[in-house]
Enquirer: 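Take this structure, written in structure tokens, and hold onto it; I'll ask about it next.
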Amino acid sequence: MLFRPCIDLHSGKVKQIVGSTLETGELKENFVAEKSPGWFAGLFRDRQLSGAHVIMLGPGNEAAAIEALSAYPGGMSVGGGINASNAKRFLDAGAYAVIVTSAIFENSRLSFEKVRELSSAVGRDKLILDLSCVSAEDGCRIACDRWRTVTNDALTPELLWELSPYCCEFLVHAVSSEGKRAGADSAVVDILAAYASLPGSLPVTYAGGLASMADAESFIARTEGRVYFTVGSALDIYGGDLSLESLAAL
């Protein structure tokens, strides 16, 4: 199964947000749930949807994240403000791994020293690196600090390979496409597909823009079924038209 579900948390609630508006002061919410994080996690648990992730978008979401992790122990990873000092709390709550971005950057540059330190502290098999990026004319640049800072570090198959010894998976949001339901970012998809074609590559999950079964099928064909994907705003449980059940059957 290539589909991996997600839960995005903002101010303690399950929401779907246009990612690029998160820090602009003009937050655009596509969906705000009435049901609890644990309810959504239970939905994924009951359908045996593995590899799910919970993302904490800003402060005030730790209790909600732990509720979701506790409802599906061993079935979800968690990210958003994770570092060496707080990772154990979420792993103890049931996360199979923690997702990290900003903690591996120093002065807006990717630091292999910090990657190695974090991998040693958390454990390679418990660490997912989030290398979410913004497409530009000169390539795809990794964004950190809740996507407020676009770095000079380019996302490439070579970089993913160099980082592979220190983590168990990669997660990549296409920032420009996140929450817009306008299709996948082809430049990002092609980079991930190139990495995933390498013998010994790690699992990698793409997020951003998928809005229909046609999008999902096109993505699977383009990546030759080697890259996982997630769907947020377009999913029926988050107010969209794309059926969770149909994706679970892929």
Enquirer: I'd like to check Asp215 versus Val231 (side-chain heavy atoms, cut-off strictly below 4.5 Å). Are they in contact?
Expert: no

Enquirer: Measure across Tyr195 and Pro157 and return the closest heavy-atom pair with its distance rounded to 0.1 Å.
Expert: CD1-O, 3.8 Å

Enquirer: Does Tyr166 use its side chain to pair, donor to acceptor, with the backbone of Leu129 at less than 3.5 Å?
Expert: no

Enquirer: If you round to the nearest 0.5 Å, how far is CD1 of Ile7 from CZ of Phe40?
Expert: 7.5 Å

Enquirer: Heavy atoms, side chains only, cut-off 4.5 Å: are Phe170 and Leu192 in contact?
Expert: no

Enquirer: Where the side chain of Asp153 meets the backbone of Leu110, is there a donor-acceptor pair that is under 3.5 Å apart?
Expert: yes

Enquirer: Would you say the side-chain atoms of Thr230 pair up with the backbone N or O of Arg4, donor to acceptor, closer than 3.5 Å?
Expert: yes

Enquirer: Side-chain contact, heavy-atom cut-off 4.5 Å: Leu9 with Val54?
Expert: yes

Enquirer: Out of curiosity, Ile142 CD1 to Leu155 CG, how far, rounded to the nearest 0.5 Å?
Expert: 5.5 Å

Enquirer: Evaluate the criterion side chain to side chain contact (heavy atoms under 4.5 Å, CB included) for residue pair Thr151 and Cys144; output intermediate values, then yes/no.
Expert: CA-CA 7 Å; Thr151 72; Cys144 64; 3.8 Å; yes

Enquirer: Identify the heavy atoms of Arg124 and Leu202 that sit nearest to each other, and give their distance.
Expert: NH2-CD2, 3.6 Å

Enquirer: Would a 4.5 Å heavy-atom cut-off, applied to side chains only, mark Met56 and Ile82 as touching?
Expert: yes

Enquirer: Within the side chain of Arg141, is there an N or O that forms a donor-acceptor pair under 3.5 Å with the backbone of Asn152?
Expert: yes

Enquirer: Nearest 0.5 Å, what's the CZ-CD1 distance between Phe112 and Ile104?
Expert: 8.5 Å

Enquirer: Using a 3.5 Å distance criterion without hydrogens, assess whether the side chain of Ser70 forms a donor-acceptor pair with backbone atoms of Ile66.
Expert: yes

Enquirer: Okay, side chain of Arg45, backbone of Gly75: is any donor-acceptor separation there less than 3.5 Å?
Expert: no

Enquirer: Let me see the working for Phe229 and Phe3 under side chain to side chain contact (heavy atoms under 4.5 Å, CB included), right down to the final yes or no.
Expert: CA-CA 5 Å; Phe229 67 91; Phe3 167 66; 3.9 Å; yes

Enquirer: Could you tell me whether the side chain of Tyr72 and the main chain of Leu49 form a donor-acceptor pair under 3.5 Å?
Expert: yes

Enquirer: With a 4.5 Å heavy-atom cut-off, do Ser197 and Glu224 have their side chains touching?
Expert: no

Enquirer: Quick one, Arg222 and Ser186 - any side-chain contact, counting heavy atoms below 4.5 Å?
Expert: yes

Enquirer: Backbone N or O of Asp145 within a donor-acceptor pair of the Ser102 side chain at under 3.5 Å?
Expert: yes

Enquirer: Are Val32 and Trp39 in one and the same hydrophobic cluster, where Ile, Leu, Val, Met, Phe, Trp and Tyr link if side-chain heavy atoms are under 4.5 Å apart?
Expert: no

Enquirer: Are Val227 and Val189 close enough, and set up right, to give a side chain to side chain contact (heavy atoms under 4.5 Å, CB included), and what steps lead you there?
Expert: CA-CA 9 Å; Val227 179; Val189 173; over 6 Å; no

Enquirer: If you compare all heavy atoms of Ala97 against all heavy atoms of Cys168, which two are closest, and at what distance to 0.1 Å?
Expert: CB-SG, 4.4 Å

Enquirer: Between Arg47 and Glu245, what is the shortest heavy-atom contact and its length?
Expert: NE-OE2, 2.7 Å

Enquirer: Assess the residue pair Leu198 and Leu160 against the criterion (side chain to side chain contact (heavy atoms under 4.5 Å, CB included)); give the C-alpha distance rounded to whole Å, side-chain angles, the decisive distance to 0.1 Å, and a yes or no.
Expert: CA-CA 11 Å; Leu198 299 173; Leu160 292 167; over 6 Å; no

Enquirer: In Å and rounded to the nearest 0.5 Å, what is the OG to CG distance from Ser77 to Leu69?
Expert: 8.5 Å

Enquirer: Give, for atom CE of Met213 and atom CD1 of Ile220, the distance between the pair rounded to the nearest 0.5 Å.
Expert: 7.5 Å

Enquirer: Give me the atom names and distance for the closest heavy-atom approach of Ala64 to Gly12.
Expert: CB-O, 3.8 Å

Enquirer: Please check this pair: side chain of Asp130 against backbone of Ser132, looking for a donor-acceptor N/O pair closer than 3.5 Å.
Expert: yes

Enquirer: Would you indicate whether the side-chain heavy atoms of Ile191 and Val172 approach each other to under 4.5 Å?
Expert: no

Enquirer: Within the side chain of Asn86, is there an N or O that forms a donor-acceptor pair under 3.5 Å with the backbone of Asn83?
Expert: yes

Enquirer: Has Asp190 got more than 12 heavy atoms of other residues, nucleotides or ligands less than 6.0 Å from its CG?
Expert: yes

Enquirer: Can you tell me how far OG1 of Thr101 sits from CD1 of Ile128, rounded to the nearest 0.5 angstrom?
Expert: 11.0 Å

Enquirer: Using every non-hydrogen atom in the two residues, find where Phe44 and Ala52 come nearest and quote the distance to one decimal.
Expert: CD1-CB, 4.4 Å

